[in-house]
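Below you'll find the structure, written out as structure tokens, and then a few comments.
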Amino acid sequence: MNRLRTAGSRADQTTAWRREADAVTLPRLDGAAACPRPNNVGTTYVQHQYQALAGEQESLWAAEGEAAARPHQAEAAGQASAAEATEFLLRESEGQVRDAHADHQHAARTLSQHVKRSSGAKLRYWVGLPVLWLGDTGGVWTAAVTNGDLVYIALLLALASGMAGVCSGLIGTELRIIRLARARQREPEQLNADEQRYQQLFAGPGGGMNIVKLVGLVSLTVVGLIAIGVGSLRASIEGSATGLTFGLLAAATALASGLLSYSAADDVADLLDTLSKRAQRAEARHLKLAGSAPLRQRATSLTNARSVHDEHDLRGQAAAEHMESLAWHIHVRNPAVLGHGFSAGEQGGVIGRRPRRGGAA
């Protein structure tokens with residue numbers, strides 16, 4: 001019987017069990033015709049036998065489930081250390097995401113009214129700045145190549161000249177920030193609790209004006225030098241009129257860079273952008289950690305192992321139920337000994353019923 005339960009398919013085992021149950025007979029003592037189960041018959045040996053077989057099936061299926069789930073459990077155990085470390089980082093990252101969002105939302109709620117930069121100013125700046133740089137570069141490069149310089153050397157010089165012209169206009173950023181700081185300036189006692197968190201934005205331009213003036217003077221000097229240099233180079237090749245024209249265009253490019261920087265500068269908007277990007281980076285890092293391989297692989301392995309165990313437990317319970325069914329089948333085939341059923345008013349199935357898992361009868 002053990003060989004039948006452990007070899008072959010489950011369908012073959014079920015058929016074998018049925019045949020085995022059909023072969024069980026009990027010796028007839030007295031005839032019975034449509035009579036209830038005798039009161040002096042308790043739990044039969046057959047019922048005990050099939051109760052034991054039912055328990056055996058549950059244990060066999062549990063053992064098969066453990067064997068089938070073992071590779072998944074081993075894989076999950078192998079990922080445990082990496083997964084625990086990732087979970088620790090994930091908890092820390094969750095706090096960073098929460099703090100980053102809270103900081104951004106608080107700043108946006110408190111400072112949005114002080115944003116003065118138009119919605120398209122930043123895009124206009126990042127589009128216009130390369131155009132001015134490349135335009136200034138092109139004018140110097142073509143003149144240098146015409147003058148006989150090597151192409152790649154002329155290109156490097158032209159790029160440096162164009163970058164110098166663009167950088168000379170960055171003073172516009174400082175001027176705009178100073179103007180906005182003066183417009184926001186308030187005494188510390190005039191700030192509410194939320195605004196005191198950003199007290200430096202309401203403190204005014206502060207000192208350092210001499211440095212700003214010096215930087216402005218240097219920027220104007222760079223503009224003049226670029227204009228003179230480009231004009232002289234063009235004049236030596238194409239005449240004074242052309243040299244004057246290109247010199248003025250170089251100066252205009254540098255000054256336009258200053259105007260572009262002035263229109264896009266806004267320290268409050270920059271702060272909000274920085275906090276927003278910080279929150280986005282924290283989110284991206286958190287999502288990356290949440291989707292890391294150790295966590296995914298361990299979760300997959302544990303889910304597979306649990307599913308295999310559940311499947312085999314259910315199959316074991318089904319096999320046990322089938323064994324009980326066969327025990328009752330033997331009773332049905334032997335009414336001469338056990339009668340045709342329970343007496344009226346008696347709770348059917350209680351006599352001799354095996355206990356279930358968890359202690360239920």
Side-chain angles (χ1 to χ4, degrees), residues 1-24 43-97 283-331 349-350 352-361:
M1 186 181 296
N2 289 334
R3 182 181 62 82
L4 288 175
R5 279 190 293 273
T6 58
S9 66
R10 294 297 168 185
D12 294 339
Q13 291 180 16
T14 302
T15 302
W17 292 336
R18 167 75 73 177
R19 291 174 180 172
E20 184 179 311
D22 288 342
V24 175
T43 303
T44 64
Y45 294 150
V46 171
Q47 287 177 291
H48 282 295
Q49 177 188 8
Y50 276 85
Q51 286 174 12
L53 291 175
E56 178 191 35
Q57 287 302 308
E58 291 183 336
S59 299
L60 286 174
W61 276 103
E64 289 187 17
E66 182 65 25
R70 187 176 297 119
H72 301 296
Q73 292 174 332
E75 184 177 0
Q79 296 289 337
S81 297
E84 289 174 0
T86 305
E87 287 175 346
F88 170 78
L89 295 177
L90 196 60
R91 289 191 295 270
E92 295 296 319
S93 175
E94 182 179 354
Q96 293 174 5
V97 172
E283 284 181 358
R285 182 171 180 270
H286 187 74
L287 292 175
K288 184 177 180 180
L289 286 172
S292 60
L295 287 180
R296 288 188 289 103
Q297 292 174 2
R298 188 181 69 162
T300 300
S301 299
L302 291 176
T303 300
N304 288 335
R306 184 165 51 251
S307 177
V308 168
H309 276 300
D310 291 344
E311 177 186 355
H312 283 76
D313 284 345
L314 292 173
R315 290 182 182 275
Q317 293 174 17
E321 294 288 346
H322 189 73
M323 283 297 174
E324 184 175 357
S325 173
L326 292 178
W328 289 112
H329 177 71
I330 294 172
H331 284 58
V350 173
R353 184 165 183 171
R354 70 183 182 89
R356 290 280 179 245
R357 284 188 173 185

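Of all heavy-atom pairs between Q73 and A305, the closest is CG-CB, 3.7 Å. Across all non-hydrogen atoms, the minimal contact from R285 to Q96 is NH1-OE1, 3.5 Å. In terms of heavy-atom proximity, A68 sits nearest to P71 at O-CD, 3.4 Å.
Between the side chain of Q57 and the main chain of A54, no donor-acceptor pair closer than 3.5 Å is present.
The distance from the CD atom of E64 to the CH2 atom of W61 is 5.0 Å, given to the nearest 0.5 Å. E58 contributes atom CD, which lies 11.0 Å from atom CE of M323 (distance to the nearest 0.5 angstrom). To the nearest 0.5 angstrom, L90 atom CG is 8.0 Å from T86 atom OG1. Between E283 atom CD and H286 atom NE2 the span is 9.5 Å, to the nearest 0.5 Å.
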Side-chain atoms of residues 290-304: list all donor-acceptor pairs with protein atoms under 3.5 Å, sequence neighbours left out, distances to 0.1 Å.
{"from": "S292", "atom 1": "OG", "to": "L289", "atom 2": "O", "distance (Å)": "2.9"}
{"from": "R296", "atom 1": "NE", "to": "G291", "atom 2": "O", "distance (Å)": "2.7"}
{"from": "Q297", "atom 1": "OE1", "to": "Q79", "atom 2": "NE2", "distance (Å)": "2.8"}
{"from": "R298", "atom 1": "NH2", "to": "E87", "atom 2": "OE2", "distance (Å)": "2.4"}
{"from": "T300", "atom 1": "OG1", "to": "R296", "atom 2": "O", "distance (Å)": "2.8"}
{"from": "S301", "atom 1": "OG", "to": "E75", "atom 2": "OE1", "distance (Å)": "3.4"}
{"from": "S301", "atom 1": "OG", "to": "Q297", "atom 2": "O", "distance (Å)": "2.9"}
{"from": "T303", "atom 1": "OG1", "to": "A299", "atom 2": "O", "distance (Å)": "2.8"}
{"from": "N304", "atom 1": "ND2", "to": "T300", "atom 2": "O", "distance (Å)": "3.2"}

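Judged as a side chain to side chain donor-acceptor pair (under 3.5 Å), and not counting sequence neighbours, the contacts of D22 are H329.
Using a 4.0 Å cut-off between charged side-chain N and carboxylate O, E311 and R315 make a salt bridge.
The shortest distance between side-chain heavy atoms of Q47 and T44 falls below 4.5 Å.
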